[in-house]
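Written below as structure tokens is the structure these notes are about.
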Amino acid sequence: DGIPFLDPIEDMQIEDESFKEIVRRLETLEDRLSKNPLFKVEDMPERYAAYQRKVGLGDQMKAIRRQVKKSEDIILKDDLKRMKRVMLRLGYIDADNVVQLKGRVACEINTADELLITELMFNGVFNDLSLEQTAALL
């Protein structure tokens with residue numbers, strides 16, 4: 001069936017131990033490949049094409065997920081800008097983005113809507129209320 005293959009170790013007299021190890025590993029892998037049940041399957045080209053499509057779709061999916069993440073980041077940045085603008089208008093931060101007294105008070109509130117409770121406190125809503133009324137309001 002054509003020209004016979006030369007054995008690199010016997011026919012070509014290669015004595016390098018690392019090369020011999022590589023040849024042994026190659027023979028072992030070829031033996032494992034020939035024993036694999038998929039090695040002699042008739043529809044291997046179709047299976048390989050399907051696998052390539054799967055890999056391509058996986059890559060597309062990753063790219064789309066990255067785009068979604070970028071879009072979410074942009075939306076979050078816009079939301080943060082709006083929140084910052086509200087805090088500036090209400091006096092929670094100053095023009096240099098330094099947190100003011102109202103902002104510090106809002107940071108300490110963790111049981112309800114921080115901004116609403118802080119505004120109620122600084123507008124004096126709780127001053128004339130009894131303890132029961134204050135609890136009901138919160």
Side-chain angles (χ1 to χ4, degrees):
D1 294 312
I3 301 173
F5 290 110
L6 293 176
D7 185 85
I9 296 172
E10 292 178 13
D11 297 330
M12 299 172 71
Q13 313 277 314
I14 297 177
E15 299 296 327
D16 186 28
E17 285 301 317
S18 62
F19 182 77
K20 288 180 181 181
E21 177 62 28
I22 292 171
V23 169
R24 280 193 293 272
R25 288 181 64 204
L26 180 63
E27 289 170 351
T28 303
L29 291 174
E30 286 175 343
D31 185 48
R32 285 179 58 195
L33 180 64
S34 66
K35 290 179 182 177
N36 189 317
L38 292 175
F39 184 67
K40 296 180 182 170
V41 173
E42 304 253 342
D43 64 342
M44 184 54 75
E46 293 84 14
R47 289 181 185 212
Y48 185 69
Y51 177 73
Q52 284 181 316
R53 282 193 302 275
K54 178 185 172 188
V55 169
L57 290 173
D59 292 342
Q60 286 178 348
M61 194 167 65
K62 287 178 186 176
I64 290 171
R65 282 188 177 148
R66 280 193 297 270
Q67 284 180 322
V68 167
K69 179 79 170 129
K70 284 182 183 178
S71 298
E72 288 173 348
D73 289 347
I74 290 171
I75 291 169
L76 288 175
K77 283 181 183 179
D78 290 342
D79 287 348
L80 289 173
K81 285 180 185 178
R82 284 190 219 96
M83 289 177 192
K84 187 175 164 184
R85 199 173 318 129
V86 167
M87 289 192 299
L88 181 63
R89 286 182 186 163
L90 292 176
Y92 290 81
I93 58 173
D94 64 10
D96 296 324
N97 297 324
V98 176
V99 178
Q100 301 301 305
L101 177 63
K102 283 175 79 173
R104 291 174 197 233
V105 170
C107 288
E108 296 299 324
I109 297 172
N110 58 12
T111 59
D113 183 9
E114 299 87 3
L115 298 182
L116 179 64
I117 299 297
T118 304
E119 287 299 312
L120 291 173
M121 285 175 58
F122 277 86
N123 288 331
V125 173
F126 298 113
N127 291 346
D128 298 328
L129 298 178
S130 68
L131 291 176
E132 295 82 13
Q133 291 171 329
T134 302
L137 188 61
L138 293 176

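In what follows, residues are counted from 1 in the order of the sequence shown.
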Is it true that Lys69 and Asp73 make a salt bridge, defined as a side-chain N closer than 4.0 Å to a carboxylate O?
yes
Say you draw a straight line from OG of Ser34 to CG of Leu29; how long is it, rounded to the nearest 0.5 Å?
11.0 Å
Given side-chain contact (heavy atoms from CB on, under 4.5 Å), test Glu72 with Val68 step by step and report yes or no.
CA-CA 6 Å; Glu72 288 173 348; Val68 167; 3.8 Å; yes
All heavy atoms of Phe39 vs all of Leu33, minimum pair found to be CB-O, 3.2 Å
As an exercise, state the distance from OH of Tyr92 to CG of Leu101, rounded to the nearest 0.5 Å.
10.5 Å
Applying salt bridge (Lys or Arg N to Asp or Glu O under 4.0 Å) to Glu30 and not counting sequence neighbours gives none
Salt bridge (Lys or Arg N to Asp or Glu O under 4.0 Å) filter on Lys84, not counting sequence neighbours, yields none
Distance check, rounded to the nearest 0.5 Å: Asp113 atom CG versus Leu120 atom CG?
9.5 Å
Between Lys62 and Arg66, is a side-chain contact (heavy atoms from CB on, under 4.5 Å) present by the stated rule, with each step listed?
CA-CA 6 Å; Lys62 287 178 186 176; Arg66 280 193 297 270; 4.0 Å; yes
Using a cut-off of 6.0 Å, state whether more than 12 heavy atoms not belonging to Glu42 lie near its atom CD.
no
Who pairs with Asn127 by side chain to side chain contact (heavy atoms under 4.5 Å, CB included), at least two apart in sequence or on another chain?
none
Looking at Leu38 and Arg47, what are the two nearest heavy atoms and their distance?
CD2-NH1, 2.9 Å
According to a 4.5 Å side-chain heavy-atom criterion applied to Ile, Leu, Val, Met, Phe, Trp and Tyr, with indirect links allowed, do Phe122 and Leu116 form part of one hydrophobic cluster?
yes
Quick check for you: to the nearest 0.5 Å, what is the distance between Leu88 atom CG and Asn97 atom CG?
7.5 Å
To the nearest 0.5 Å, tell me how far Met87 CE sits from Lys102 NZ.
12.0 Å
Cluster link Phe126 to Leu131, ILVMFWY, side chain under 4.5 Å:
no
What's the verdict on side-chain contact (heavy atoms from CB on, under 4.5 Å) for Met121 and Ile109, showing C-alpha distance, side-chain angles and the deciding distance?
CA-CA 11 Å; Met121 285 175 58; Ile109 297 172; 4.2 Å; yes
Rounded at 0.5 Å granularity, tell me how far CG in Asp128 sits from CD in Gln133.
9.5 Å
Test side-chain contact (heavy atoms from CB on, under 4.5 Å) on Leu80 and Met83; report intermediate values, then the result.
CA-CA 5 Å; Leu80 289 173; Met83 289 177 192; 4.3 Å; yes
Side-chain donor/acceptor of Asp31 to backbone N/O of Glu27, under 3.5 Å:
no
Nearest heavy-atom contact between Leu115 and Ala106 is CD2-CB, 4.5 Å
Is a side-chain donor or acceptor of Glu108 paired with a backbone partner of Val105 at a separation under 3.5 angstrom?
no
Taking Gln100 for its side chain and Val98 for its backbone only, find out whether a donor-acceptor pair lies under 3.5 Å.
yes
Can you name the closest pair of heavy atoms from Val99 and Ile93 and give their distance?
CA-CG2, 4.1 Å
I'd like to know if the side chain of Asp94 reaches the main chain of Asp96, judged simply by a donor and an acceptor atom lying under 3.5 Å from each other, with no hydrogens or angles considered.
yes
